[in-house]
2 protein chains.
Amino acid sequence: MEERRAGTLTFRLDLSQPLYEQILQQMRQAIAKGEIGLGEKIPSVREMAQSLRVNPNTVSHAYQELERDGLTETRRGQGTFITSSPEKVQRFREELARHMAREFVAGMRAYGFTWNDIARFLQEAQGRHVHE
Amino acid sequence: MEERRAGTLTFRLDLSQPLYEQILQQMRQAIAKGEIGLGEKIPSVREMAQSLRVNPNTVSHAYQELERDGLTETRRGQGTFITSSPEKVQRFREELARHMAREFVAGMRAYGFTWNDIARFLQEAQGRHVHE
DNA sequence: TTGAGTGTATCATATCACATAATACACTTG
DNA sequence: CAAGTGTATTATGTGATATGATACACTCAA
């Protein structure tokens, strides 16, 4: 429920999930939405840890996952930077979306829902948002 | 990866999730799909534990969640039975589907995907299944 | 060259969820 | 009464997570 700022980013952390997972996901979302520019430097592990009031190891864990995602590059002695390759971000977004969609459809089918059911509940869920 | 049988049911358990969660989900799915008849008795805690080669406490944990779902009724000294109310099963299915759809749409939007994106990836995911 | 700031690695410690094991209790039925 | 129900309790063990304290290799500006 509480907001914590780190540079231009804002984080919401709670106890429902591992901290490093929450940091990781919110960083992924910020990158995917272009809220951090390509090639931009993100706060250092120690800075981020202090801003979020979290242990540096926890931030480091999240940063290492980001690099495995291909979303960041770390330069020893310099810091961690968003990848300057739009293709890598795009690839991440597509793989993620495909994964989420597959999981959702498979999950619904495991409970016996047909494609028509799925479409119906999605329409209902969409109603809660502005159509873009 | 391994299949374990308990009465008419078949379970697949691994180490990727808590055991009680896997038992719970697969029971929910069996009930939602009508693979267990309304009012039917399900294996006792000890039976199920032996069939699945799992601790009775673990099975008990799953059974108690099932009752919280409104999917089963427990009669002390007799056993655990699927609810005989079709409405309760229907209600569970609807609430579950609504929840899954909302979570999915919200998750996709958190990464900046529009409704058109969502529809596109869903079509792609659907292609992996038979249209019913 | 030095010092401050990078990411990273390694200990130790603590907590929590999960699973198991062993018992025990209240209840129902044959 | 005996066997089979679900449930509760206590103890033990394990793994993931988080913290804290240090240390190391690297880069860059002063």
Side-chain angles (χ1 to χ4, degrees), chain A residues 2 4 6-7 9 11-27 31 36 39-84, chain B residues 2 4 6-7 9 11-27 31 36 39-84:
Chain A
E2 191 180 354
R4 297 180 186 175
L9 285 318
F11 290 82
R12 284 179 229 277
L13 303 182
D14 54 43
L15 302 174
S16 68
Q17 271 185 335
L19 290 176
Y20 85 91
E21 270 285 357
Q22 300 180 53
I23 298 170
L24 174 59
Q25 286 176 13
Q26 292 176 39
M27 288 292 299
I31 300 169
I36 317 181
E40 197 168 311
K41 181 177 183 303
I42 63 180
S44 77
V45 167
R46 291 171 180 81
E47 270 182 62
M48 184 70 89
Q50 191 166 14
S51 299
L52 304 188
R53 277 170 279 175
V54 145
N55 192 278
N57 296 333
T58 303
V59 176
S60 181
H61 190 172
Y63 278 18
Q64 290 177 37
E65 295 290 327
L66 278 180
E67 192 176 21
R68 284 190 53 237
D69 290 338
L71 293 178
T72 60
E73 294 167 6
T74 63
R75 304 177 203 151
R76 240 189 149 88
Q78 301 187 37
T80 305
F81 301 81
I82 306 299
T83 180
S84 45
Chain B
E2 191 179 355
R4 297 179 186 175
L9 284 319
F11 291 82
R12 285 178 228 276
L13 303 182
D14 54 45
L15 301 174
S16 67
Q17 272 186 336
L19 289 176
Y20 85 91
E21 271 285 358
Q22 300 181 53
I23 298 170
L24 175 59
Q25 285 176 12
Q26 293 176 39
M27 288 292 299
I31 298 170
I36 317 181
E40 197 169 313
K41 181 178 185 302
I42 63 179
S44 77
V45 168
R46 292 172 179 82
E47 270 183 62
M48 184 70 88
Q50 190 166 15
S51 300
L52 304 188
R53 276 171 278 177
V54 144
N55 193 278
N57 295 334
T58 303
V59 175
S60 181
H61 191 172
Y63 278 19
Q64 289 177 38
E65 294 291 327
L66 278 180
E67 191 175 21
R68 285 189 55 236
D69 291 336
L71 293 178
T72 60
E73 294 168 6
T74 63
R75 304 177 204 151
R76 240 190 150 87
Q78 301 186 38
T80 305
F81 301 81
I82 305 299
T83 179
S84 45

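Here is how names work: the chains are called A, B, and so on, in the same order as the sequence lines, proteins then strands, and each is numbered from 1.
dT9(D) atom C1' lies 16 Å from atom NE2 of His61(B), rounded to whole Å. Regarding Gln50(B), its CD atom lies at a distance of 11 Å from the P atom of dT5(D), rounded to whole Å. Going from atom CG of Leu15(A) over to atom C1' of dT19(D) covers 14 Å, rounded to whole Å. One atom, CD of Glu67(B), and another, P of dT5(D), lie 17 Å apart when rounded to the nearest Å. Taking atom CG on Asn57(B) and atom C1' on dA22(C), their separation rounds to 10 Å, with Å as the unit. Following rounding to the nearest Å, Arg53(B) (CZ) and dA21(C) (P) show an atom-to-atom distance of 13 Å. Across the protein-nucleic acid pair, Asn55(B) atom CG and dT23(C) atom C1' stand 12 Å apart, rounded to whole Å. If you measure from atom CD of Glu47(A) to atom P of dA4(C), you get 17 Å, rounded to the nearest angstrom.
With dG7(C), dT29(C), dT20(C) as the candidates, the nucleotide lying closest to the side chain of Gln78(B) is dT29(C). Of all nucleotides listed (dC26(D), dT19(D), dC27(C)), dC27(C) comes nearest to the side chain of Arg76(B). Nearest to the side chain of Gln64(B), among dC27(C), dA8(D), dT8(C), sits dA8(D).
Taking 4.5 Å as the limit, some side-chain heavy atom of Met27(A) sits within range of a side-chain heavy atom of Ile36(A). You'll find the side chain of Tyr20(B) stays beyond 4.5 Å of the side chain of Gln64(B), heavy atoms only. Two residues are said to be in side-chain contact when any heavy atoms from C-beta on lie closer than 4.5 Å; Gln22(A) and Phe11(A) fail this criterion. Residues Asp69(A) and Leu24(A) form a side-chain contact, since some pair of their non-hydrogen atoms from C-beta on lies under 4.5 Å apart.
Residue Arg46(B) is classed as a base contact, given a heavy-atom separation below 4.0 Å to a base. At a threshold of 4.0 angstrom between heavy atoms, the contacts of Glu73(A) with the nucleic acid are absent. If you check every strand for non-hydrogen atoms under 4.0 Å, Glu21(A) touches nothing.
Between Pro18(A) and Thr74(B), the one whose closest nucleotide on DNA chain D sits nearer the 5' end is Thr74(B).
One finds no side-chain N or O of Ser60(B) lying less than 4.0 angstrom from the OP1 or OP2 phosphate oxygen of dA8(D). For dC18(C), the OP1/OP2 oxygens have a side-chain nitrogen or oxygen of Tyr20(B) closer than 4.0 Å. Residue Ser44(B) places at least one side-chain N or O under 4.0 Å from the OP1 or OP2 atom of dT5(D).
No more than 12 heavy-atom neighbours from other residues, nucleotides or ligands sit within 6.0 angstrom of CD on Gln50(A).
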